[in-house]
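Taking it in order: structure first as structure tokens, then the write-up.
Chain letters run A, B, ... following the sequence lines, proteins first and then strands; every chain starts at 1. Remember, predicted model here, so these are calculated numbers, not experimental data.
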Amino acid sequence: MHRTHYADQIDAQIIGQSVKIAGWVHRRRDHGGIIFLDIRDRTGLVQVVVEPSTKDLFEQADHLRPEYVVALAGLVQKRPPGMVNPELRSGEVEILPNSLEILAEAKVPPFSVSDGETVDELLRMKYRYIDLRRQPLFKNFELRDRVIWSIREYFHKHHFIDVETPQLARSTPEGARDFLVPSRVQPGSFYALPQSPQIFKQLLMVAGFDRYYQIAKVFRDEDLRADRQPEFTQVDVEMAFVDQEDVLRSMEAMVVQVFHEAMGIALAPFPRLTWDQALERYGSDKPDLCAGEPLVNVSPIAQSKKLPVLGSSEMVAGVVLRRLSPSRKVLDELVAEAKELGAGGLVWMVRGQDGLRTNLKALGESGLELLAKAAALAQGDALLLVAGDKARTLAVAGQLRLAAARKFGQMESGWRFLWVTDFPLFEWSEDEQRITSAHHPFTMPKIDNWQQLAEDPLSLRSQAYDLVLNGVELASGSVRIHRPDWQRQVFMVLGLEPSEIEQKFGFMLDAFQYGAPPHAGIAFGIDRLIMLMAGAKSLREVIAFPKTARGIDPLMDAPSQVDAKQLRDLGLRLDGPAL
RNA sequence: GGAGGCGUGGUGUAGACGGCCUAACACGCAUGCCUGUCACGCAUGAGAUCACGGGUUCGAAUCCCGUCGCCUCCGCCA
């Protein structure tokens, strides 16, 4: 072994001991007559002093450069009085070496490991192994490890069984675009990389596994975002003989444990909203509770009092700004922002020292007072009103609420979890001109009898639920359909032909005929959770080797072209601009 | 597919009003000096087709057009 101690184990406790350490040269401070080396390993730094009396060592130390890999043995000694560095965990001591071995030399790195300077992200990704040496990035992976460890511990403790499911699966309709893998053995056929282990885990329930979890890599061939990578990791869970309440409770307990164990944070119980409530109050199905109070629905007042302009709208939703006394200029900016978000306009009112100011005088004294009262406007408060059809108005008001909170620096910090339940079962796809599943086609409807399903499918709610943290969707799940006849009915509503159902889902319906227990599950986007816990702005900060916004891995230079023989083996011929 | 931002030595930035740019500053790098530093200090030096291509102009890092790359957002993401 090259090492007996890590840097963070070198401290005043072991003064006088001989130790061996190994790591990278972080910095060298050469005073001519004496050389200081900061040796770095993943735990931190330790200072090494090389004195000219040890001539060989001194000459070697003279040759060292940043990022050289070294191993050295020496004596831990107390630093001279006044020379303590309180910034370092090992700052009370230093190592006086008696041997020093250069294990590897290093080119000057393309960017500094030690200075913490912001570096172009493409360069960081190309030299990811160097970026990962930098403390801020490495810390994210320590956190990630603690989180994953805690998750596994929770599931193991609660009798869940970790099962791996195939990465080479079949393409299924619905959902995101699949990554396809051509089969050599079956020319002309393709596997699909899983968008989730959904069907497999349901089959495991049929198999009687009862409680399953997996930390699973999943793949979606869609455009990337700061919080979306083409491959990412899910904590995938499924439980048999449970209802929605059981899943929510168990998963909430899991998240509470993770925050406690990985970060020492005690979370409050998670509030819950139905999907309808979330939309009505926050204009979003993933409300950010950090962004101040809910929207105010003043439609009833506007309509019953037949207020000018607003009274004829289906929905009038208000964003309340407390104690900001916004200036005319700021209000004009908000009007512009609202229009950018898709509002026809924005009505504002501010309660100043001498009454209510507004950009819609037609409301009159009494109209203004009514609205101001509904929003409980005190002096300095402002109310921003968006009006129009319900869906659009709520969406715009919801975004305006977030934009305003950010603009005025009123985003609270904290961990504001929220369960959103009772999602719609279906939605109408304008694109495809057909009904699609809001969650996925295996979701149990919230209905009293199955006659309802075909009557007005778009009005139905489902036993589906999301976990939201600070406005970010963290997990999504549902109670599943476990009866083949019910499942068939849902497929029919989705417009699948019976032959198509047999071909694409026959195996699943078949399985359900052999005794399928009622079951429910959920999947967490674990990268997103860790991103939020780490305070990072992008998933790339918590994934070791991520891809750029255009799906490129600049380190390996993937994806790449392949040679003709590979294509021939697969029975593929390229067509189009790639050639 | 669409919109916006950015691209200047190895790194981070300044320069953007066209001529003061023969491109500046900090860090890094090289060489030398220095026995208590910890972002060591001091001195000297090397290092840039100003992303690429075209245009306007007597003259372009700077203005215009196009291309490429990175980032953000919309679409897309059951």
Practice problem: Spell out yes or no: do the side chain of A/Arg28 and the base of B/C38 have one donor N/O and one acceptor N/O closer than 3.5 Å? | Solution: no
Exercise. Would you mind checking if A/Glu238 and A/Arg480 are paired as a salt bridge, meaning a charged N to carboxylate O distance below 4.0 Å?
Key: yes
Quiz prompt | Nucleotide nearest A/Arg225 (side chain, heavy atoms from C-beta), chosen from B/G36, B/C74, B/C71 | solution = B/C74
Quiz item: A/Arg550 has an atom CZ; how far is it from atom C1' of B/U72, in whole Å?
Solution: 15 Å
Quiz item: Can you tell which of B/C70, B/G36, B/C38 lies closest to the side chain of A/Ile34?
Solution: B/G36
Quiz item: In the strands shown, is B/G69 matched to any nucleotide by a Watson-Crick or G-U wobble pair with both distances under 3.5 Å, and which?
Solution: B/C6
Practice problem: Between B/G4 and B/C40, how far apart are the C1' atoms? Round to whole Å, please. | Solution: 45 Å
Self-check item: Earlier contact from the 5' end, RNA chain B, for A/Gln47 and A/Pro109
Solution: A/Pro109
Exercise. Take atom P in B/A51 and the same atom in B/G15, then report the distance between them in whole Å.
Key: 15 Å
Practice problem: Among B/G75, B/G28, B/C38, find the nucleotide with the atom closest to the side chain of A/Asp38. | Solution: B/C38
Quiz item: Taking the side chain of A/His31 as heavy atoms from C-beta outward, which of B/C38, B/U37, B/G12 is closest to it?
Solution: B/U37
Exercise. Measure the distance from CD on A/Glu121 to C1' on B/U72 and round it to the nearest whole Å.
Key: 11 Å
Practice problem: Take atom P in B/C34 and the same atom in B/A48, then report the distance between them in whole Å. | Solution: 32 Å
Practice problem: Ignoring the backbone of A/Arg228, work out which of B/C77, B/C38, B/U35 is nearest its side chain. | Solution: B/C77
Exercise. Considering just the side-chain nitrogens and oxygens of A/Arg27, establish if one lies under 4.0 Å of OP1 or OP2 belonging to B/A39.
Key: no
Quiz item: In whole Å, what separates the P atom of B/A14 from that of B/U8?
Solution: 11 Å
Practice problem: Take the protein atom CZ of A/Arg177 and the nucleotide atom C1' of B/C76, then report the distance between them rounded to whole Å. | Solution: 7 Å
Quiz item: Roughly, in whole Å, what's the span from CG in A/Asp221 to C1' in B/G1?
Solution: 15 Å
Quiz item: Of all the choices, B/C74, B/U72, B/C77, which nucleotide is nearest to the side chain of A/Ala226 once you look at every atom?
Solution: B/U72
Quiz item: Under 30°, 30 to 60°, or over 60°: which ring-plane class applies to A/Phe505 and A/Phe491, parallel, tilted or perpendicular?
Solution: parallel
Quiz item: Between A/Arg29 and B/G36, does any side-chain N or O lie under 4.0 Å from OP1 or OP2?
Solution: no
Quiz item: Roughly how far apart, to the nearest Å, are B/C25 and B/G9 at atom C1'?
Solution: 13 Å
Practice problem: Counting heavy atoms from C-beta on, name the nucleotide in B/G75, B/G36, B/U11 closest to the side chain of A/Glu117. | Solution: B/U11
Quiz prompt | Heavy atoms of other groups near A/Phe190 CZ, more than 12 under 6.0 Å | solution = yes
Quiz prompt | Interatomic distance at P, B/C76 relative to B/C63, whole Å | solution = 37 Å
Exercise. Answer yes or no: does a side-chain N or O of A/Thr548 lie under 4.0 Å from OP1 or OP2 of B/C70?
Key: yes
Quiz item: Between B/G36, B/C70, B/C71, which nucleotide has the shortest distance from any of its atoms to the side chain of A/Ala549?
Solution: B/C71
Quiz item: Is the side chain of A/Ser112 donor-acceptor paired with the backbone N or O of A/Asp115 at a distance under 3.5 Å, no angle test?
Solution: yes
Self-check item: C1' atoms of B/G1 and B/U56, separation to the nearest Å
Solution: 33 Å
Quiz prompt | Ring-base stacking, A/Phe111 with B/U11 (5.5 Å, 30° cut-offs) | solution = no
Practice problem: Report yes or no: is there a donor-acceptor pair, N or O only, under 3.5 Å between the side chain of A/Asp223 and the base of B/G75? | Solution: yes
Quiz prompt | Residue mapping more 5' on RNA chain B - nearest nucleotide basis, A/Val119 or A/Gly33 | solution = A/Val119
Quiz item: If you measure from the Lys or Arg side-chain nitrogens to the Asp or Glu carboxylate oxygens, is any gap between A/Asp131 and A/Arg128 under 4.0 Å?
Solution: yes
Quiz item: Say you pick atom P in B/C6 and the same atom in B/C17; how far apart are they, in whole Å?
Solution: 13 Å
Exercise. Kindly point out which of B/A30, B/G69, B/C77 is positioned nearest to the side chain of A/Arg65?
Key: B/A30
Self-check item: Neighbour count above 12 (heavy atom, 6.0 Å) for A/Glu337 CD
Solution: yes
Quiz item: Counting only Watson-Crick or G-U wobble pairs whose two distances fall under 3.5 Å, which nucleotide matches B/G45?
Solution: B/C29
Quiz prompt | Under-4.0 Å side-chain N/O to phosphate OP1/OP2 contact, A/Arg540 with B/U72 | solution = yes
Self-check item: Electrostatic pair A/Asp236:A/Lys201 at N-O distance under 4.0 angstrom
Solution: yes
Quiz item: Of the nucleotides B/U35, B/G28, B/C77, which has the atom closest to the A/Arg220 side chain?
Solution: B/C77
